[in-house]
Amino acid sequence: MESLVGSAGFKKAQAGLTADFDRFLEDLVTLTEIEAPSFGEEKRGKKFLELLQKEGLDLVEMDDVGNVIGTRKGTASGRVVVAAHLDTVFAADTDLRVRREGMHWYAPGICDDTRGLASLLALVRAMNFAGMRTRSDVLFVANVGEEGPGNLRGMRHLFGKGKYAGQIDAFFTLDGINMDSLVTGAIGSYRYTITFKGPGGHSFLDFGVANPANALGEFVAGMATITVPDEPRTTFCVSMVGGGTSVNSVPESVWVKIDLRSASPVELTRLDKEMRDLIEAAVIAENRRSRAGTDLSVEICRIGDRPPSMVRESGPVIDEALGALRLFGFEPRIEASSTDANIPMSLGVPAVMIGSGASGGGIHTLGEWVDVDPEAGQRALAAILAAVLAVADLS
Ligand SMILES: [Zn+2]
């Protein structure tokens, strides 16, 4: 890592990052101000494609789900992906205009993950400026579907169905801004809508028929008694409930939404089984108490599925990322999180998530802001570039 960073080529790329910083901020504003809610990323994706096309890559394409992929060919074999996500949590009609207050720039999505997108363009330009050749191909990917409802659909396509599926050797995602954290594990989650159904009826005249609300209540009370380990951190949440017709009706249906999480596949599977056992027991209990022939049914619909992966302290990509971050003065904690890296990690592809800036805050709020201090920003970009070059094998 020291020799890579000390090389004349790298120094030239770093000079490129410095000279280019205003352009990086310009891209950040341009992209931030284009709406991109999950499932509505197309407009921003097209703009990103246009910006990428200006950089003279070997191939720039948009795949079937809307991921934008720019390939910088290597001299030998191998394929390294550097990604950032196009989508934000904000609706299309949100005011996205950037408000500049000194070094703090405010706009929804400006950190998460528009700074990552602007960073991809800055990295391409720095590599071109220095005329760098890597042995592996480097694919710069602006992907769709990272935020909640997207359920990682961009990454699922890239790794599962797209033309590069099964041919990606290493993965970086630049997400958020925090350079003091390196994500090497994946918090997995299962999310459900569970609907209890019965015949319904009049609260007085039909009293005695199976009541789905009773089963739901018993199930939720059972959830509260589940025990989970602190390490690996495992959690469950009864998040939303609803249903029924009126105060004087036995409901025909009631529903509850549940979020289960763990970095451990074993714990997540165990938790999932406990939840299902509780649902079954609650339905059986209500049916037993109720008039014959009025039995409840239940529908378990999985609305979210992100595969887990245990945190690793070292390994391919992780070692390069740690080395580069430390060399540029960052002190990253190793953590698990729920990101686009969940997909490659679950497939055994070496992967990390790195931040793409110095500081900021208000992530996922209308008050989201980013610090545009050039020194810290250039240092962050240089660290990311060094990590990517170490993995892609500068030739
Ligand atoms: Zn993000």
When you measure from the side chain of [X] to the backbone of [Y], do you find a donor-acceptor pair of N or O atoms at a distance under 3.5 Å?
X	Y	result
N342	I187	yes
T234	P232	yes
E368	C111	yes
R44	E33	no
D112	G109	no
S203	N248	yes

Say you draw a straight line from [atom1] of [X] to [atom2] of [Y]; how long is it, rounded to the nearest 0.5 Å?
X	Y	atom1	atom2	result
T184	E313	OG1	CD	6.5 Å
S346	M155	OG	CE	12.0 Å
I168	L347	CD1	CG	9.5 Å
R261	T235	CZ	OG1	6.0 Å
T88	I363	OG1	CD1	11.5 Å
C301	Y192	SG	OH	10.0 Å

What closest approach, in Å, do [X] and [Y] show between heavy atoms, and which atom pair accounts for it?
X	Y	result
P212	K197	CB-N, 4.1 Å
R270	P229	NH2-CD, 4.0 Å
D272	Y190	OD1-CD1, 3.5 Å
V317	P350	CG2-CB, 3.6 Å
A380	M179	CB-CE, 3.8 Å

Got more than 12 heavy atoms from elsewhere within 6.0 Å of [atom1], [X]?
X	atom1	result
R233	CZ	no
F39	CZ	yes
R312	CZ	no

Any carboxylate oxygen within less than 4.0 angstrom of a Lys/Arg side-chain nitrogen, looking at [X] and [Y]?
X	Y	answer
R276	E280	no
E218	R288	no
E42	K46	yes
R125	D27	yes
R191	D259	yes
K73	D58	no

Cluster link [X] to [Y], ILVMFWY, side chain under 4.5 Å:
X	Y	answer
F171	V388	no
I279	L271	yes
L117	I354	yes
V81	F48	no
V138	L121	yes

message = With heavy-atom distances below 4.5 Å as the criterion, would you say the side chains of I258 and V238 are in contact?
response =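 Of all side-chain heavy-atom pairs linking V238 with I258, at least one is under 4.5 Å.
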Side chains of V391 and P316 in contact at under 4.5 Å (non-hydrogen atoms):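 Counting from C-beta outward, V391 and P316 never come under 4.5 Å.
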Side-chain donor-acceptor contact under 3.5 Å, E147 with H364: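 Yes, a side-chain donor-acceptor pair sits under 3.5 Å.
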Original post:
Is the closest side-chain donor-acceptor distance between R289 and N211 under 3.5 Å?
Top reply: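 No, N211 and R289 have no side-chain donor paired with an acceptor closer than 3.5 Å.
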Which class fits the ring pair F24 and F21: parallel under 30°, tilted 30 to 60°, perpendicular over 60°?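 Judged by the thresholds at 30° and 60°, the geometry between F24 and F21 is tilted.
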(message) Using the rule given for side-chain hydrogen bond (donor to acceptor under 3.5 Å, both in side chains), can you reason through R133 versus T75, listing the C-alpha separation, both sets of side-chain angles and the distance that settles it, and then say yes or no?
(response) CA-CA 7 Å; R133 299 305 337 163; T75 55; over 6 Å; no
- Cation-pi geometry met for R99 and Y106 (6.0 Å, 45°):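 The answer is yes; both the distance and angle limits are met.
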